[in-house]
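Single-structure report; data block below.
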Amino acid sequence: DAFPLDLLRQRGVTLTNGAGINAVAVAEYAVLGMLAAAKRFDQVIRAADRQDWLNDAPGKVELDGTRALIVGYGTIGRLIGDRLRAFGVEVTGVTRSGRDGTLTPDAWASRLGDFDWIVLAAPSTDATKTLVGRQELAAMRASAWLINIARGDMIDQQALVEALTTGTIAGAFLDP
C-alpha cells in the first residue's frame with residue numbers, strides 16, 4: 001500500500017496507521033476458514049441450497065492433532081496461533097528473526113510437507129510477493145489447505161489454480 005509521502009508532507013498531512021486494529025477479527029476469520037475447510041461447510045451450504053439434506057457430514061477432519069505453519073507471526077499470526085492451540089493444533093510460526101523458536105524465512109519452505117495447514121499472515125513486501133508458487137504448493141501435503149488472510153500477491157494465482165485443479169493440495173481459503 002503505497003502513499004505519495006512527499007505530496008502528503010508538502011500539504012502538511014499527517015499519515016498514521018491502525019496496526020492491529022482488526023487483529024482479533026482477522027485472526028477469528030482465519031480460524032473460521034480452517035473450521036469451514038475441516039468440516040467442508042461449503043458442501044453443507046450447497047446441499048442446503050439444493051434442499052438436499054445430507055445423511056452424513058462431508059468434512060470429518062478434526063483440528064485437534066493437526067499441525068499449522070503460520071507465515072507471518074506478528075500480532076495477527078500470534079492471535080491465530082493462540083486460537084488454534086485451543087483446538088489442539090500444533091503451531092509453528094515464521095518470523096524474520098526466528099525469535100521465540102519460530103522458523104526464519106529461509107527455513108520454512110523445506111518444512112511445508114510437515115503441516116496440514118499453511119496460513120499466510122505476513123505483510124505484503126517485495127520479499128513476500130509470490131511467496132507461494134508451484135514449488136511450494138508441490139511440497140505441501142495433498143491433504144493440506146492453504147489459508148491466506150494476507151495480501152493476494154503472496155500467491156502465484158495460476159499455480160494455485162493448477163494445484164487445486166490437479167489435487168496437489170486439498171483446498172484454499174482466501175480472504176476476499
Side-chain angles (χ1 to χ4, degrees), residues 20 22-94 101-103 108-122 128 130-176:
N22 291 318
V24 170
V26 173
E28 290 176 353
Y29 187 71
V31 175
L32 164 81
M34 293 172 71
L35 287 166
K39 303 308 175 195
R40 293 312 311 249
F41 196 63
D42 58 314
Q43 294 178 18
V44 172
I45 294 297
R46 287 188 182 105
D49 287 345
R50 294 189 309 268
Q51 295 184 347
D52 179 13
W53 314 119
L54 303 174
N55 293 325
D56 196 14
K60 297 188 187 315
V61 172
E62 294 181 357
L63 294 186
D64 186 41
T66 63
R67 301 180 74 201
L69 177 71
I70 303 175
V71 180
Y73 210 62
T75 301
I76 293 172
R78 286 190 309 273
L79 288 170
I80 294 168
D82 292 345
R83 282 148 180 77
L84 290 178
R85 280 188 196 89
F87 283 97
V89 177
E90 181 184 325
V91 174
T92 300
V94 177
T102 58
L103 300 176
W108 65 270
S110 65
R111 303 262 320 269
L112 283 168
D114 297 342
F115 299 95
D116 305 289
W117 310 97
I118 308 300
V119 181
L120 302 179
T128 62
T130 58
L131 190 69
V132 175
R134 279 181 183 80
Q135 184 175 339
E136 292 77 17
L137 292 162
M140 291 171 60
R141 294 177 178 178
S143 59
W145 277 72
L146 179 64
I147 310 296
N148 185 18
I149 52 94
R151 299 288 187 217
D153 66 2
M154 291 181 72
I155 302 172
D156 176 335
Q157 299 294 319
Q158 183 176 349
L160 177 60
V161 169
E162 289 172 13
L164 293 168
T165 302
T166 61
T168 302
I169 64 172
F173 179 83
L174 310 173
D175 185 20

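What's counted below: heavy atoms across the whole structure, side chains too, no hydrogens, waters or symmetry copies.
In terms of the ring-ring contact (aromatic ring centres under 6.0 Å, His included) criterion, residue partners of Tyr29 (sequence neighbours excluded) are, by chain and number, Phe173.
With values rounded to the nearest 0.5 angstrom, Phe115 atom CZ is found 4.0 Å from Thr92 atom OG1. In this structure, Leu160 CG and Arg134 CZ are separated by 10.5 Å, a value rounded to the nearest 0.5 Å. Atoms CG and CG, on Leu164 and Leu146 in that order, are 8.5 Å from each other to the nearest 0.5 Å. In this structure, Glu62 CD and Lys39 NZ are separated by 5.5 Å, a value rounded to the nearest 0.5 Å. The structure places CE of Met154 at 4.5 Å from OG1 of Thr128, a figure rounded to the nearest 0.5 Å. Note that CE of Met34 and CD1 of Ile149 are 11.0 Å apart. Values are rounded to the nearest 0.5 Å.
Screening residues 165-174 for salt bridge (Lys or Arg N to Asp or Glu O under 4.0 Å), with sequence neighbours left out, gives no hits. Each salt bridge (Lys or Arg N to Asp or Glu O under 4.0 Å) pair with one or both residues in residues 139-150, not counting sequence neighbours, appears once here: Asp116-Arg141.
With hydrogens and angles disregarded, a donor-acceptor distance shorter than 3.5 Å links the side chain of Asn148 to the backbone of Arg151. Remark: the backbone N or O of Gly133 is paired with a side-chain donor or acceptor of Glu136 at under 3.5 angstrom.
Contact annotation: the side chain of Leu174 approaches that of Ile155 to within less than 4.5 Å [non-hydrogen atoms, C-beta and beyond]. In this structure, the side chains of Asp114 and Arg67 come closer than 4.5 Å at one or more pairs of heavy atoms.
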Intermediate values then yes/no, side-chain contact (heavy atoms from CB on, under 4.5 Å), Trp117 and Ile80: CA-CA 12 Å; Trp117 310 97; Ile80 294 168; over 6 Å; no

Item to complete: Determine, step by step, whether Phe87 and Thr66 satisfy the side-chain contact (heavy atoms from CB on, under 4.5 Å) criterion, reporting the C-alpha distance in whole Å, the side-chain angles of both residues, the deciding distance to 0.1 Å, and the verdict.
Response: CA-CA 9 Å; Phe87 283 97; Thr66 63; over 6 Å; no

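Nearest heavy-atom pair across Leu54 and Pro58 is CD1-CD, 3.9 Å. Across Tyr73 and Arg85, no two heavy atoms sit closer than the pair OH-NH2, 3.0 Å. The two residues Ala138 and Thr168 have their closest heavy-atom pair at CA-CG2, 3.9 Å. Considering every non-hydrogen atom in both Ala23 and Leu79, the closest pair reads CB-CD1, 3.5 Å. Heavy-atom minimum distance, Ile70 versus Ala121: CG2-CB, 4.3 Å. In this structure, Leu84 and Ala68 approach most closely via the heavy-atom pair CD1-CB, 4.0 Å.
Salt bridge present: Asp42 and Arg46 bring a charged side-chain N and a carboxylate O closer than 4.0 Å.
Counting non-hydrogen atoms of neighbouring residues, nucleotides and ligands closer than 6.0 angstrom, the CD atom of Gln135 reaches no more than 12 such neighbours.
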